[in-house]
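Below is one structure, written out as structure tokens; the observations come after it.
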Protein chains: 2
Amino acid sequence: MAERPSVPSPPRLVDVARAAGVSLATASRAMTGSSGVSAEVAAHVQAVASRIGYVPNSHARALAGGQVSMVGLIVHDVGDPYFGEIARGVLHETESRGYLALISQTQRDPRAELARIRALRAHRVTMLVMAGSGYVRAGREAGTEVGAGAGITAGAGTGTGTGTGADTDAGADMAAEVRSFTAAGGRLAVIGRHHLPVDAVLPDNAAGGATLMRHLLGLGHRRLGVLGGPPNLTTVEDRLDGLRTAFGAAGLDWRSVPVVHGDFTREGGAAATARLMRAHPDLTAVVALNDPMAVGALSWLLNSGRRVPGEISVAGFDDAPVARDVYPALTTIRLPMADMGKQALDLVLRPPASRPRRRRTTHELVVRASTAPPHT
Amino acid sequence: MAERPSVPSPPRLVDVARAAGVSLATASRAMTGSSGVSAEVAAHVQAVASRIGYVPNSHARALAGGQVSMVGLIVHDVGDPYFGEIARGVLHETESRGYLALISQTQRDPRAELARIRALRAHRVTMLVMAGSGYVRAGREAGTEVGAGAGITAGAGTGTGTGTGADTDAGADMAAEVRSFTAAGGRLAVIGRHHLPVDAVLPDNAAGGATLMRHLLGLGHRRLGVLGGPPNLTTVEDRLDGLRTAFGAAGLDWRSVPVVHGDFTREGGAAATARLMRAHPDLTAVVALNDPMAVGALSWLLNSGRRVPGEISVAGFDDAPVARDVYPALTTIRLPMADMGKQALDLVLRPPASRPRRRRTTHELVVRASTAPPHT
DNA sequence: CTGAAAGCGCTTACAG
DNA sequence: CTGAAAGCGCTTACAG
């Protein structure tokens, strides 16, 4: 009855046990819900616990061999709507299941990614969701710096084939890290990343790219330009592959398609558009490899007095929430982002399969106002 | 030299100590960087540690009295651009300082909020940032259900005064929780929430509302309507207060201003606009209390064939990234969201002051294309 | 500067 | 079903 007056330290399980008149072991069983306690005793202990405001110490629990109730989530950038939606999906699940989520952003830096995984492992996190593109081998895009000063490259110069661009280099470290993580019993699911021997939710990047290209070709466009994200991302490569495949399938020469790389952001899109249009003023359509870049393209084009889609069409990728509200409303490829997060968490929660699971997402062409037949 | 072949359990500090030929205590000191070790020994231990891939067990550390290197972040909704920006700001800071962030979303449910804090406390988190509006006393908005079936209320019916709407009710529990958290040495900073005796970053809601209203009055608008978010949020109340004050200061009767409440989302905004315009078809301007609602309003109005701002002006609040790209580009009140996150983390990191610190943000009217003089 | 030892708050075999 | 005891991997007084 008498409350400890001075010590503000939270009650421990012993306090609960004492107050309930049972042993530590019994109290523990009652609180964790494990078998071996009579229902009455368990209920009594729990009642006492909640009365005295007992909250188990998760560190002690983890250390004593209990489950770690945290899942890790690594994204490139929380502020980006793509990752925002994914995070929403993941958090929705974790919270309904009583887990806490440790979130990290890497700003698309492979080294930061490794560091984050290690930090998460230090916290003995055994369930981890990594969202965001993997990286292609450094040096493949010789001399092209990510997001700054990226020169214009002919289409043929980028993505010389599917599946050759493994997450190597920093990728080698990453692969080793992942191996050791899973060997130690860790569960990892990635979103939008191949080349890692783990469960994966794979957005339909190549197919989406092809669908988008067919849409533009169908409208009659032949002089197209592409705003690519950082050339070291496999997502960029895959989406480009899809575009190229559909372009080639129409009997056209992909080498005639200029590709400009920039940051996967609004600003990156605007800057890349500037470079693209200066070198190729006669384009009738621009494809951005994600929606923020497309929004940047719209902004630059409109500011430069071009009519969209009257003079030039613009298309994006992802169907971020912003897509339908920009002017003109953006034609894009929809990916089920929040659901992808949910799926990834689901994979992480189930026991590992004998071989990595792959869940391919759907994609859907969403035609809005930003694309139309060329004016010609 | 010989590696343990079968046991995949990670190396412990004893392993490092053994390999380095020092005691556990010395190894610990070397790894934590605490004083009492010669620089050489420390360097040697660290070299050995990194060679054998030692990663300290954070749970053991925390349990043994070391610092918990996690900070908690509670937001209403990660997918919402407002919170996305705040999260970005917070994470940017935590990561540069070597902390990991535990993130939770509450979906604007006060009960969920309490549950999240408790979960965080179970993990012995002592640094916590809570972003998002507080709640006004339940029952103040009698019969008005949040986000669904919210009826049209006369302006005078909402927000009968500043400062009276404390975070009560669930607020009482919250206050108790917060007291016990800080009493136990926890550090908490809130963003956009008053009435809690903790450090706070306070967006200039009332002043922003007043600025926005003056802008519209200055354009000549007199028949205005308001799209309010959930009526139980203090943020909504404060922004309304600002609008009302400026309206009254112009010698006008606030009771003539219809206020419709809905979810703080695009969909909520569209639905609220529908109700508002049906009841008051002659409005010349609509103010939404956040940008997503404003975007919903634009969408509904444009779909209904209204010209914006030709027939009706629309303004928002926050200056979310989307604001400048919608059509027409949105006039709004800019809040420095990412910086607010950074500020909050900064507060949490410093020792508590004798009385709670308050940092007021600036606000800035950003005039874009969605507002213009009334057509009349 | 270095080490032996206690202790953080739990869980889980191991005995009844 | 219940309890006494060992142990999880660290940190930190406490002695040298």
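Numbered from 1 within each chain, the chains take letters A, B, ... in sequence-line order. Every value quoted in this text rests on a predicted model; they were computed, and no experiment measured them.
- Distance, R124(A) CZ to dG9(D) P: 8 Å, rounded to whole Å.
- The closest donor-acceptor contact from the side chain of E95(A) to the backbone of L100(A) lies at 3.5 Å or more, if one exists at all.
- One can place CG of L63(A) at 9 Å from C1' of dG9(C), the figure rounded to the nearest angstrom.
- Side-chain proximity of V37(A) to the nucleotides dC10(D), dT2(D), dG9(D) is greatest for dT2(D).
- Using modelled atom types, one side-chain atom of S58(B) and one backbone atom of A122(A) make a donor-acceptor pair closer than 3.5 Å.
- T182(A) places a side-chain N or O within 3.5 Å of a backbone atom of V178(A) that can act as its donor or acceptor partner.
- Each of dT12(C), dG3(D), dC10(D) was ranked by its minimum atom distance to the side chain of S28(A); first place goes to dT12(C).
- The CG atom of L13(B) sits 13 Å away from the P atom of dG3(C) (whole-angstrom rounding).
- At distances below 3.5 Å, not a single donor-acceptor pair connects side-chain atoms of T26(A) with backbone N or O atoms of V22(A).
- Within the 4.0 angstrom heavy-atom criterion, only backbone atoms of the sugar-phosphate kind lie near S38(A); the bases stay farther away.
- Among all heavy-atom pairs drawn from F181(A) and V125(A), the shortest one is CE1-O, 3.3 Å.
- Looking at R187(A), its side chain does come within 3.5 Å of a backbone N or O of L347(A) through a donor-acceptor pair.
- Nucleic acid contact for S34(A): none, since no nucleic acid atom lies under 4.0 Å from a heavy atom of the residue.
- Under a 3.5 Å cut-off, the side chain of E177(B) and the backbone N or O of L114(B) do not form any donor-acceptor pair.
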Its dot-bracket string being built from Watson-Crick and G-U pairs below 3.5 Å, with | for another strand and [ ] for crossing, DNA chain C has the pattern |||.||||||||.|||

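- When the nucleotides dG3(C), dC10(D), dT11(C) are ranked by their closest atom to the side chain of S23(B), dG3(C) comes out on top.
- One atom, CZ of R18(A), and another, P of dG3(D), lie 14 Å apart when rounded to the nearest Å.
- Note on S58(B): nothing from the nucleic acid sits closer than 4.0 angstrom, heavy atoms only.
- Each of dT11(C), dC10(D), dA4(C) was ranked by its minimum atom distance to the side chain of R29(B); first place goes to dA4(C).
- Between H76(B) and F83(B), the angle of the ring planes lies from 30° to 60°, which puts this pair in the tilted group.
- For A25(B), the side-chain atoms get nearest to dA4(C) when compared with the rest of dA4(C), dC10(D), dC8(D).
- Taking every side-chain heavy atom of T26(A) into account, dT2(D) is the closest of dT2(D), dC1(C), dG9(C).
- Toward the 5′ end of DNA chain C lies the nearest nucleotide of A39(B), the other residue of the pair A39(B) and A60(A) mapping further downstream.
- Which of dC1(C), dT11(C), dG7(C) sits closest to the side chain of A64(B) comes down to dG7(C).
- In this structure, CG of N57(A) is placed 16 Å from P of dG9(D), rounded to the nearest angstrom.
- Of the listed nucleotides (dG3(C), dT11(C), dG9(D)), dG3(C) has the atom at the smallest distance from the side chain of V22(B).
- To the nearest angstrom, C1' of dC8(C) lies 13 Å from CG of L24(A).
- Rounded to an integer number of Å, the gap from CG of D15(B) to C1' of dG9(D) is 10 Å.
- Here the C1' atom of nucleotide dG9(D) and the CE atom of M31(B) are 13 Å apart, to the nearest Å.
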